[in-house]
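Below is one structure, written out as structure tokens; comments come after it.
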Amino acid sequence: MDTDKKAPEYLEAAKIFEEKWRKNWEKENLFKTLSPTDKNFDAAKPKKVILDFFPYPSGYGLHIGHPLGYIATDVISRTYRMMGYNVLHSMGFDSFGLPAEQYAIQTNRHPRETTAENVANITRQLKFLGFDHDDDARFLSSEPEYYKWTQWLFLKLYDSYFDEGENWTDSLGNKVKGRAKPVADLRKKLKDGEWRQNVLGEIAPKDDKKFTKIVPEDKIEEVIDANRLAVLKNVDVNWCPGLGTVLANEEVTADGRSERGNFPVYRKPLKQWVLRITCYADRLYDDLKLIDWPRGVVEIQREWIGPSQGALVSFIAEDGSKLNVFTTRPDTLPGVTFVAVAPEHPLAVKYAGEAAKKMVSLARNRAYDDKSAHNGVFTGQYVMHPITGAKIPVWVGDYVLSGYGEGAVMGVPAHDQRDFEFAHRFDISIVPVIEPSQEWLKENAPEGASEDLNALYLRDAGSFKASYEGDGKIIAGLAGAEEFASLPNREALKKICEKLEALDKGSTKKTYRLRDWLFSRQRYWGEPFPVVYDVETGKTYALEEDQLPVLLPEVTDFRPVTSDDKDADPVTPLGRVTDWVKVKGIITENGKVKITDAPNAKDFVRDTNTMPNWAGSCWYYLRYFDPNNDNAFVSKEAEQYWAGKQNGAIDLYVGGAEHAVLHLLYARFWHKVFYDLGLVSTPEPFQKLFNQGMITADAFRDSRGFYVDVDLVEEKEENGKRVAYHKETGEKLSIDPGKMGKRYKNGISPEDAAMRHSTDALRCYMMFLGPLDSTSPWREAPIVGTERFLTSVWKLVHRDDLDTSDAPADAESERLVHKTIESVTKDIMALHLNTPISTMMILANALSQQKNPKKEHVEILIRLLSVYTPFMAEEIYDTVPSFTLPEGIKSVAFLPWPKWDEAKTAVTEMKIIVQINGKKRAEFMMPAGASDKEIEDEALKQDAVIRHIDGKEIRRLIHIPQKEWKVLGIVV
RNA sequence: GCGGAUAUGGUGGAACUGGUAGACACAACAGACUUAAAAUCUGUUGGGCUUUAUGCCCGUGCCGGUUCGAUUCCGGCUAUCCGCACCA
């Protein structure tokens, strides 16, 4: 080994100094974020809130894929901090819920224990990577200090109703339709008769003519309960006996299994807490315009909300009652030949009895992806067509979904493929309404049709291969619909709607695919509901605020009751804790309950369900603004400063694409409710969302097909191909590209990689892999490139010939340095975190080759680089004599970010590219100030140019100035 | 089926508003240093042609279009990935 080195080699040194700085930063709590309520807070500075998705504390710790996004937000937040912003970048843990609980069950330990352990482990891993998180803002969603506020916010939803008719303009100037308000307002309006009921029991202001019935005094609380944003409802739920709990629609996969654990899910009616997210469907849809999110996520949310403009149409039954259907194609109304209702529909239950019941159970157990023949049964009932007056049979069809629209459809077999198939199967007539195009007729005509296709279609549309779902003219001569004859169908649609409206047999209506959010889980590890039920009356009461938190009881048996039996009933683990469930309390003047043993106390029971794991993550980002506040979920001052005056409170939110609808939709919903109630000041939670890509990994298998631990694999290159061998047996292994995970034996711990190459090199390398949103496979070998880069920077800094004088630097290296600052700064702001490394490599290479590189230039490089390599930068400022931190600055993290001087980036000589007919033919240098004429003259002297013009006439000369070169286009 | 995204050398990728395609790296090859190897340094590296040049042709998934000029814009395909999928 070389002993006369002045400084140790970079890698060797990094092993020691990285550990030193880790300890030092933790001891100093260097990244403590001051809040507006703190003494030394500087409110004059601009703010940036940069967050990663709330991680759950997995028992397996972080693998190499996890830190990608975390490193990115760390680089960005460090850059903003150096630029003089107050930066909020923190990370807590979403520690309640299924993942944590399943892990506890598998390891046969209490979730409180495993959670604490996993959090400690991951926190250590995060610190290892040098992230600038604030340790004082590292809360867990399963701590009572935190979930007290989750319960408090749930009660806000419980205590609110949605006033659809309220149109208002918010403080940012956005026009908003509908608003959540306290139920106390509603109570007053109902008492005063300001709001009344219609025949369906819906409520609205009395100026609507259909709302005439004043709600009787003794029914008011019942009406209010039905209109709360959190309601207890009997609903068809996704029951997952394998997990022992019900699940939200968003947690069930397309093939009818649980997203967690992959157990089968069945439909079952149960009384559950439901959050009425559908009230916000329009705003959740429209407000996607207000924020800067990836197009894909926006589209997924739009599709999930799924608004659909159509009409409600009433068919009149023999007893005079109305059977409503929803349709998006009122223009096809004259072609209705049957009405089909879902097996769960009241009419089906009433008239099809056992047959419908059987269908319900068949449909419920039917595989989600089974699109084969549908079942149907005739109810024996008929209804009257609203326009033609024809007698229409009512069928029960299991292709009709009970949860969408009215749970009933009008059957137009000629123009809807599902109705077409149903009509064929049950021999129902098919009446065409719209003339198909000639091409369609040719394509779909029955085999061997010889007569005129138009005539054949009119006579027997059912003989064609499919229903016609396109546009066209209304066929003339339809009985009862003569007035629409020959109209284009889109026009007829409007006219038919008008007519229905006039007859009071229909109205235009918008429906949504979005369903209300099922909010109860029959699990232990979650937030208990802050409500109790009166044992005597069964009435629901919210607890008084000062009763919060409702602590999750300590139990030894926290296991859910799971089963393979789809008919098993849910049993809640909390239901077993009888002395927790049974309480005594008094009803206060607010109509809430206070738990007490006072002599006049009544008997109550607690709700034994818990909230789903999404509850805690619906508002955690707000808690970072004021993480240790005992008096409020967030203080007004903190919220207003950090959220700022924009549509979304969080400036940058980085995480994987897998939460496109779950967390990101739920959090938007809660945020909007809080916004309506004046608890937060922005209409949206997340201004800019960024989905980082995945790190995939290759797995290796031996000849028996067993996975081989990556540590035992040696990769080589043979004939340009990558091959893998077993390190011990020498056996050639097959390479499976794919996802990283424990079962593939290819999980690589980021600390191990950091130990091998230095944390700074790992951070750089992960950013250098490619654009932040691209998915790339993990390869460890190429990291030597970044390792070499850091080594050369380390050597550069330690050179003893650095020019520390005040002498001006030469213009060319000045230019390179300022160009580098500009390019690195702009790229980081644009979240292009791979290209700054290349740019800095170019600068480092150039400086290394100079004779006496200016120390000032080297220092600029180190400051820019410090956001990627905080350890090395800190060590340089601590140990290299010519690098010193200014008075009062504790760390490189607080050094000012270098600024570029536009004048210094200018070139003195321009490269001129000559293109002839668009092809580059010559290039030469000219002084930057050269005129177009001078450039042309010089260009025409070039041999290559003369050769390619070849005596032809010059028709056009085009000058295109670029930043550092000019293009002269010659057209001949 | 519907919706979204992606496609550039052996590999990861760069090219910012239509103007030098392949920056920066990895790998590979050659050379220097070394007894040797590692490390380090230097050079070559999209394909082809010839007259070896300040040369020519081809080349950014495929076909076509707009333009003096297209990786970039437009139309039509193909492949891969992701999401949704009885939504009336």
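Basis for what follows: all heavy atoms, side chains included, without hydrogens, waters or symmetry-related copies. Residue numbers start from 1 in every chain, and the chains themselves are labelled A, B, ... in the order their sequence lines are given, proteins ahead of strands.
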Subject >> Evaluation steps, ring pair (Phe, Tyr, Trp, His ring centres under 6.0 Å), between F338(A) and F422(A) >> reply: CA-CA 10 Å; F338(A) 65 96; F422(A) 194 79; 5.4 Å; yes
Subject >> S308(A) side-chain N/O to A88(B) phosphate OP1/OP2 under 4.0 Å >> reply: yes
Subject >> Gap in Å between the two P atoms, one belonging to C16(B) and one to C26(B), rounded >> reply: 24 Å
Original post:
Over how many whole Å does the gap from L514(A) atom CG to C84(B) atom P extend?
Top reply: 14 Å
Subject >> All side-chain hydrogen bond (donor to acceptor under 3.5 Å, both in side chains) counterparts of S467(A), not counting sequence neighbours >> reply: Q417(A), E469(A)
**OP:** Provide the distance between the two C1' atoms, one in A70(B) and one in G61(B), to the nearest whole Å.
**Re:** 16 Å
**OP:** Starting at atom CD of E421(A), determine the distance to atom P of G1(B), rounded to an integer number of angstrom.
**Re:** 16 Å
Subject >> Strand RNA chain B in bracket notation, Watson-Crick/G-U under 3.5 Å with | for pairs to another chain >> reply: (((((((..(((......[....))).(((((.......))))).(((((..).))))..(((((..]....))))))))))))....
Subject >> Side-chain N or O of Y404(A) closer than 4.0 Å to phosphate OP1/OP2 of A88(B) >> reply: yes
Subject >> Atom-pair distance (CD on E780(A); C1' on A27(B)), nearest Å >> reply: 16 Å
**OP:** Check whether NZ of the Lys or CZ of the Arg R513(A) lies under 6.0 Å from the centre of the six-membered ring of Y404(A) and within 45 degrees of that ring's axis.
**Re:** no
**OP:** Could you tell me if the ring centre of F789(A) sits under 6.0 Å from that of F768(A)?
**Re:** no
Original post:
For atom C1', what is the distance between G46(B) and A28(B), given to the nearest Å?
Top reply: 14 Å
Subject >> Non-neighbouring partners of K509(A) that pass salt bridge (Lys or Arg N to Asp or Glu O under 4.0 Å), sequence neighbours left out >> reply: E406(A)
**OP:** Could you work out the separation of A21(B) and A14(B) based on their C1' atoms and round it to a whole Å?
**Re:** 10 Å
**OP:** State which residues pass side-chain hydrogen bond (donor to acceptor under 3.5 Å, both in side chains) with N444(A); sequence neighbours excluded, sorted by chain then number.
**Re:** none
Original post:
Between G12(B), A23(B), C26(B), which nucleotide has the shortest distance from any of its atoms to the side chain of S838(A)?
Top reply: A23(B)
**OP:** May I ask you to say what D419(A) touches in the nucleic acid, namely base, sugar-phosphate or nothing, with a heavy-atom cut-off under 4.0 Å?
**Re:** nothing
Original post:
Taking C-beta and beyond as the side chain, do K510(A) and D282(A) meet within less than 4.5 Å on heavy atoms?
Top reply: yes
Original post:
Between A25(B), G13(B), A88(B), which nucleotide has the shortest distance from any of its atoms to the side chain of F326(A)?
Top reply: A88(B)
Subject >> Rounded distance in Å - NE2 (H659(A)) to P (G83(B)) >> reply: 13 Å
Subject >> Upstream residue (5' side of RNA chain B) when L769(A) and Q849(A) are each assigned their closest nucleotide >> reply: L769(A)
Subject >> Between C82(B) (C1') and Q692(A) (CD): distance, integer Å >> reply: 15 Å
**OP:** With sequence neighbours left out, write down each residue that passes side-chain hydrogen bond (donor to acceptor under 3.5 Å, both in side chains) with T791(A), or none if nothing qualifies.
**Re:** none
Subject >> Closest-nucleotide 5' rank along RNA chain B - winner of G407(A) and T839(A) >> reply: T839(A)
Nucleotides 47-56 of chain B: which of its N/O atoms have a protein N/O under 3.5 Å away?
residue	atom	partner	partner atom	Å
G55(B)	O3'	R947(A)	NH2	3.2
C56(B)	OP1	H948(A)	NE2	2.6

**OP:** Could you check how far CD of E469(A) sits from P of G1(B), rounded to whole Å?
**Re:** 15 Å
**OP:** For residues L790(A) and L865(A), determine if any side-chain heavy atom of one lies less than 4.5 Å from a side-chain heavy atom of the other.
**Re:** yes
Subject >> Heavy-atom protein contacts under 4.0 Å, nucleotides 66-78 of chain B, coded B base, S sugar-phosphate only, - none >> reply: --BS---------
**OP:** Name the orientation of the base relative to the sugar in G83(B): syn if the glycosidic angle is within 90° of 0, else anti.
**Re:** anti
Original post:
Rounded to the nearest Å, what distance is computed from the CZ atom of residue R788(A) to the C1' atom of nucleotide A38(B)?
Top reply: 12 Å
Write down the protein N/O and nucleotide N/O pairs, taken from nucleotides 14-16 of chain B, whose separation is under 3.5 Å; answer none if there are no such pairs.
residue	atom	partner	partner atom	Å
A14(B)	OP1	N834(A)	ND2	3.0

**OP:** Quick one: label F789(A) by what it contacts on the DNA or RNA (base, sugar-phosphate, nothing), any heavy atom closer than 4.0 Å.
**Re:** nothing
**OP:** For the pair W517(A) and Y666(A), name the ring-plane relationship: parallel under 30°, tilted 30 to 60°, perpendicular over 60°.
**Re:** parallel
Subject >> For atom CE of M840(A) and atom P of C24(B), their distance in whole Å >> reply: 15 Å
Original post:
Which part of the nucleic acid, if any, lies within reach of V412(A) when heavy atoms closer than 4.0 Å are counted: base, sugar-phosphate only, or nothing?
Top reply: nothing
For nucleotides 2-9 of chain B, which of its nitrogen or oxygen atoms have a protein nitrogen or oxygen under 3.5 Å away, and what is each distance?
residue	atom	partner	partner atom	Å
G4(B)	O3'	R295(A)	NE	3.4
A5(B)	OP1	R295(A)	NE	3.2

**OP:** Report the residues that fulfil salt bridge (Lys or Arg N to Asp or Glu O under 4.0 Å) with E936(A), sequence neighbours left out, ordered by chain and then residue number.
**Re:** none
Original post:
Any idea which of A23(B), U40(B), U11(B) is nearest the R779(A) side chain?
Top reply: U11(B)
Original post:
Do L11(A) and S758(A) come within less than 4.5 Å of each other through their side chains, counting heavy atoms only?
Top reply: yes
Original post:
Quick one: side-chain hydrogen bond (donor to acceptor under 3.5 Å, both in side chains) partners of R956(A), sequence neighbours excluded?
Top reply: none
**OP:** Flag the pair L500(A) / L333(A) as yes when at least one side-chain heavy-atom distance between them is below 4.5 Å, and no otherwise.
**Re:** yes
Subject >> Set of salt bridge (Lys or Arg N to Asp or Glu O under 4.0 Å) partners for R756(A), sequence neighbours left out >> reply: E780(A)
Subject >> Passing option when V341(A) is tested against V409(A), V325(A), V396(A), V400(A) for side-chain contact (heavy atoms from CB on, under 4.5 Å) >> reply: V396(A)
Subject >> SB check E938(A) K941(A) (cutoff 4.0 Å) >> reply: yes
**OP:** Please say whether the positively charged group of R668(A), taken as NZ for Lys or CZ for Arg, lies over the ring of W293(A), i.e. under 6.0 angstrom from the six-membered ring centre and within 45 degrees of the axis.
**Re:** yes
